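The structure appears below as structure tokens.
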Amino acid sequence: MTGATFEGEVLASPVPVIVDFWAPWCRPCDTIEPHLLALAETWGERVRLVRVDVDAEPGLSSRYGVLSLPTVVLFAEGEPKATVHGAHSRERYERAFAPLVT
């Protein structure tokens, strides 16, 4: 995911988008990736999952106030609607995002 494609793929998406702000050196980011992939698979076409490398896209992380990793934000209708900071269980992400995934 790049800054150039973010608007079209996230902000203009007809379905909610889970955006995983991560970095290659972030071990907790590696830990949560399977949880997010599992949720995206479970929810199927009702949600999308994208990853933003904060080192490659510092403008995006700054724009959305990402100060620590991992930070996972659910966007719906072009706006950030729910944010989870830090590494958590799959259930924690599910509780935060499920009400917004129809």
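Bear in mind that the values here come from a model prediction, so they are computed numbers and not experimental data.
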What distance separates Trp22 CH2 from Ser61 OG, expressed to the nearest 0.5 Å?
-> 13.0 Å
Starting at OG1 of Thr5, measure out to CD of Glu57 and round the result to the nearest 0.5 Å.
-> 7.5 Å
Would a distance-only check, ignoring hydrogens and angles, find a side-chain to backbone donor-acceptor pair under 3.5 Å from Thr42 to Ala38?
-> yes
Taking C-beta and beyond as the side chain, do Tyr64 and Val19 meet within less than 4.5 Å on heavy atoms?
-> no
Verdict with reasoning, Glu41 to Leu37, per side-chain contact (heavy atoms from CB on, under 4.5 Å) | CA-CA 6 Å; Glu41 184 176 325; Leu37 290 169; over 6 Å; no
Is there a chain of hydrophobic side chains (I, L, V, M, F, W, Y, each step under 4.5 Å between heavy atoms) that links Leu69 to Val84?
-> no
Once you round to the nearest 0.5 Å, how far does OG1 of Thr83 lie from CZ of Phe21?
-> 8.5 Å
Side chain Ser89, main chain Arg92, donor-acceptor under 3.5 Å = yes
Using a 4.5 Å cut-off on heavy atoms from C-beta on, say whether the side chain of Pro24 contacts that of Asp55.
-> yes
Are Phe75 and Phe97 co-members of a hydrophobic cluster defined by side-chain heavy atoms under 4.5 Å apart?
-> no
Check step by step if side-chain contact (heavy atoms from CB on, under 4.5 Å) holds for His88 and Val72.
-> CA-CA 11 Å; His88 297 280; Val72 184; over 6 Å; no
Step-by-step side-chain contact (heavy atoms from CB on, under 4.5 Å) determination, Trp43 to Glu94 = CA-CA 10 Å; Trp43 289 331; Glu94 189 168 15; 3.9 Å; yes
For Pro70 and Ala87, the nearest pair of non-hydrogen atoms, with its separation, is CG-N, 3.8 Å
Do Leu49 and Leu74 share a hydrophobic cluster (ILVMFWY, side-chain heavy atoms under 4.5 Å, transitive)?
-> yes
Check step by step if side-chain contact (heavy atoms from CB on, under 4.5 Å) holds for Tyr93 and Ile32.
-> CA-CA 10 Å; Tyr93 296 103; Ile32 70 163; 3.4 Å; yes
Kindly work out whether a path of hydrophobic side-chain contacts (I/L/V/M/F/W/Y, heavy atoms less than 4.5 Å apart) joins Met1 to Leu39.
-> no
So how far is it from Arg90 CZ to Leu36 CG, rounded to the nearest 0.5 Å?
-> 10.0 Å
Using the rule that two of Ile, Leu, Val, Met, Phe, Trp, Tyr join whenever any of their side-chain heavy atoms come within less than 4.5 Å, decide whether Val101 and Val15 are in one cluster.
-> no
